[in-house]
Amino acid sequence: MRRVLHLEKIFISQYLKQTMEYKADFIVGVLGVLLNQVLNLIFLQVIFSQVPKLAGWSLQQIVFIYGFALIPKGLDHLFFDNLWIVGQKLVRKGEFDKYLTRPINPLFHVLVETFQVDAFGELLVGVILLVMSSATVHWTLLKVILFIVSIPFATAIYTALKIGTSAAAFWMKKSNTITYLFYMFNDFAKYPVSIFNHLIRWIISFIIPFAFTAFYPASYFLTGKNVLFNLGGLVVISIVFLFIAIKIWNKGISSYESAGS
Amino acid sequence: MTNFLRKYRPFVSAGIEEAIVYRANFLLFALGNTLGAFVTYFLWKAVFQSSTNSSLNGFTFPEMVLYIFLSFFTGILTSSDGSSSVGDEVKDGSIAMRILKPISFTANYFYEEIGSKLIDVGVLAVPLFGGILIYQIVGKGTPVLNLVNLLLYFFSATVAYLINFYFNICFSFTAFFFRNLWGSNVLKNALVIFMSGSLVPLAFFPPVLQNVLKVLPFSSLLYTPVMLYLGKYSAEQTISVLLLQIFWLIFFIFLAKIIWHFAIKHLSIQGG
C-alpha cells in the first residue's frame, strides 16, 4: 500500500509539472469549469422561478442532489481521467505497450498516471452546493457516516463504466466514443428520476446506473427513506459493475495486439 | 479489367471502411450529445406539468420542445471548430506549414471545415431535423409548419455559422499569446452556450439582461434562427434581427483581419 501511495505521489507531481507549463491557460480553464457549473445553477434558478416545486422537490433539495452528483463525478475526473486516453489513442497507436513492460499492474498504472486538476472546479462547486443546501437534510451521526461511505462507492460506478468501455479498445482499437456515450448519461443523474419516462429510469438505474451516483443516495439523505434500496443498491451495483469492468479489462489485455510502428 | 478491379478493390473497401468507422464515431458522439437535449426536454416537461399556466414567458410546451431540439440541431449546424485546431497547431508547431502556404490563412480553415461540415450535417439532418418536422406535423398543439419561416431559418442559420466561424478565428488568435487553448476554450464555450440561448431561451431572463443579450453577438448565433423558425418575430422585428446578424458578421470579418495583422508578429513556433 505504501508503494502504491508513493507511486501515486510521483505520478501526480510529474503531471502537475506538465500542466503548469501552460499556467495561464490552466487557470482560465479552471475558471471556465467553475463558470459552467454556475451557469447550470442559474438554469435551475430560472426553472424554479416558474414553479415552486419540481415533481415534488424544492429548489434546495434539487441543489443538494446536484451538489452530491458533482462529488463522485469530480473525484473520478480528478484521479482516473487517463482511461479516456486508452480508448482514444493509447491502444490504436500501440503506446499501450509501455504499460505492459512496467513492473506494476497495467490498470493501476493507467489509473494513476494523470491527475486532472481541472476537476477541482467540479469538486469545489459540489462542496459549495452541499454546504448551501445542507440545512434541508436532517443530519444524524449515522447519516454523516453513511454519506462518507457512499462517496467512494458512487465514484467507483463512474470509474467502472470507464474501465469497461475503454477496455473495448483492446478489440476495436478505438472506443472513446463508446465511453463518451455511456458517460453522457450522467446528466440524467442530477435530477429526480421521477421526471423521466420508464425506459430512461430503467436504464439509469440498472444498465448505466448513474442514478445511484447521485439521485438515489441523495434522496436517502433528504428523506431518510428506503435506505436498503438507495444506499444498499449503491453498494451492490458499484461492486458488481467494478467486478465486471475489471473482468472485461483483463480479458481485453489478453487479446491486445500492439498496433502502429 | 477484372484484374484491375481485383487489384484495387481492397483500397476501395478500405476507404469505405474508414469512412464508416469515422462516421460511426461521429454518430456516437452526436448521440451522446443528444442525451443532454433529452435531459432538458424531461426537465421542461416536469416544469410544464407542475405549473398551472399552459404557457411560460410566451412558450407553450410544444413550442418549448421544438426550441430544445431545434437549438440543439442549430448548435451543430453553426458549430465551428477553428479555435481548437489553431490551438493544437500552435502547440505542436504545425501552424508554420499553414502560414507558409501562399493562400489566405482564414480561407484555408474555412474550406477545410465546410467539407466535413456538409457531410456531418447531412448525416444528422435526416434523424434530427426529420424528427423535428415529424413532431411538428403529428404532435398536438404544435406551431404550423411555415415555408417562409423555414427559409428564414436556413438563411439566418447560415449567417450564424459564418459569424461563429469568424468569431472563433478571432478567438483562436489568442493561442498565439496563451500557447495552449484548452482553458480559454472551456471558458468561451460556457459563456457562448449561456448567452446564445442554447441553455435557456433568452425570454426567460430578467428584461434588462434580456435586452443586453439580444444585442450582443451571441444571440445571433442561435437564438435568432430558432426564434425565426418558431415564427416569434413580427415582420419588423425579423428585419431588425437579420440586420443585426449581418452587422455582427461584418464586424467579426474585420476584427479577424485586424487581429491577424498583430498576432502574426507575436507568433513563436514551438517544437514538434
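Keep in mind that this is a model prediction, so the values were computed, not measured. Just the heavy atoms: all of them, side chains too, but no hydrogens, waters or symmetry mates, feed the values below.
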> Could you state the interatomic distance from CZ (B/F59) to CD (A/Q50), rounded to the nearest 0.5 Å?
Replying inline: 11.0 Å
>> Is A/Y183 close to chain B through its backbone or its side chain, or both, or neither, when contacts mean heavy atoms under 4.5 Å?
In response: neither
> How many angstroms lie between CD1 in A/I200 and OH in B/Y41, if you round to the nearest 0.5 Å?
Replying inline: 9.5 Å
> Are there more than 12 heavy atoms of other residues, nucleotides or ligands under 6.0 Å from atom CH2 of A/W202?
Replying inline: no
>> Does any backbone or side-chain atom of A/V33 lie under 4.5 Å from a heavy atom of chain B? Answer side chain, backbone, both or neither.
In response: both
> So how far is it from B/L28 CG to A/S175 OG, rounded to the nearest 0.5 Å?
Replying inline: 10.5 Å
> In terms of heavy-atom proximity below 4.5 Å to chain B, should A/Y191 be classed as side chain, backbone, both, or neither?
Replying inline: side chain
> Taking the inter-plane angle between the rings of B/F29 and A/Y180 on a 0 to 90° scale, is it parallel (under 30°), tilted (30 to 60°) or perpendicular (over 60°)?
Replying inline: tilted
> Would a 4.5 Å heavy-atom cut-off, applied to side chains only, mark A/D187 and B/L35 as touching?
Replying inline: no
> Which pair of heavy atoms, one from A/G32 and one from B/A190, lies closest together, and at what distance?
Replying inline: O-CB, 4.2 Å
>> Could you measure the distance from the CG atom of B/L43 to the CD1 atom of A/I47? Nearest 0.5 Å is fine.
In response: 4.5 Å
> How about A/N36 and B/F194: do any of their side-chain heavy atoms sit closer than 4.5 Å?
Replying inline: no
>> At a 4.5 Å cut-off on heavy atoms, which part of A/K190 comes close to chain B: side chain, backbone, both, or neither?
In response: neither
> A/M184 and side-chain contact (heavy atoms from CB on, under 4.5 Å): which partner among B/N33, B/L31, B/V39?
Replying inline: B/N33
>> Heavy-atom count check: over 12 atoms from other residues, nucleotides or ligands less than 6.0 Å from B/F38 CZ?
In response: no
> Quick check: are there more than 12 heavy atoms from other residues, nucleotides or ligands sitting under 6.0 Å from NZ of B/K214?
Replying inline: yes
>> Return the CG to CG distance between A/N40 and B/L199, rounded to the nearest 0.5 Å.
In response: 6.0 Å
> Given that the side chain runs from C-beta out, which part of A/L34 has a heavy atom under 4.5 Å from chain B: side chain, backbone, both or neither?
Replying inline: neither
>> Working to the nearest 0.5 angstrom, can you tell me the gap between A/S49 OG and B/F205 CZ?
In response: 10.0 Å
> Are the side chains of B/F48 and A/V51 in touch, meaning some heavy atoms are under 4.5 Å apart?
Replying inline: no
>> I need the minimum non-hydrogen distance between A/A55 and B/S50, along with the two atoms involved.
In response: N-OG, 3.6 Å
> Does CZ belonging to A/F182 count more than 12 external heavy atoms closer than 6.0 Å?
Replying inline: no
> Hey, does B/L191 have a side-chain heavy atom less than 4.5 Å from the side chain of A/L35?
Replying inline: yes
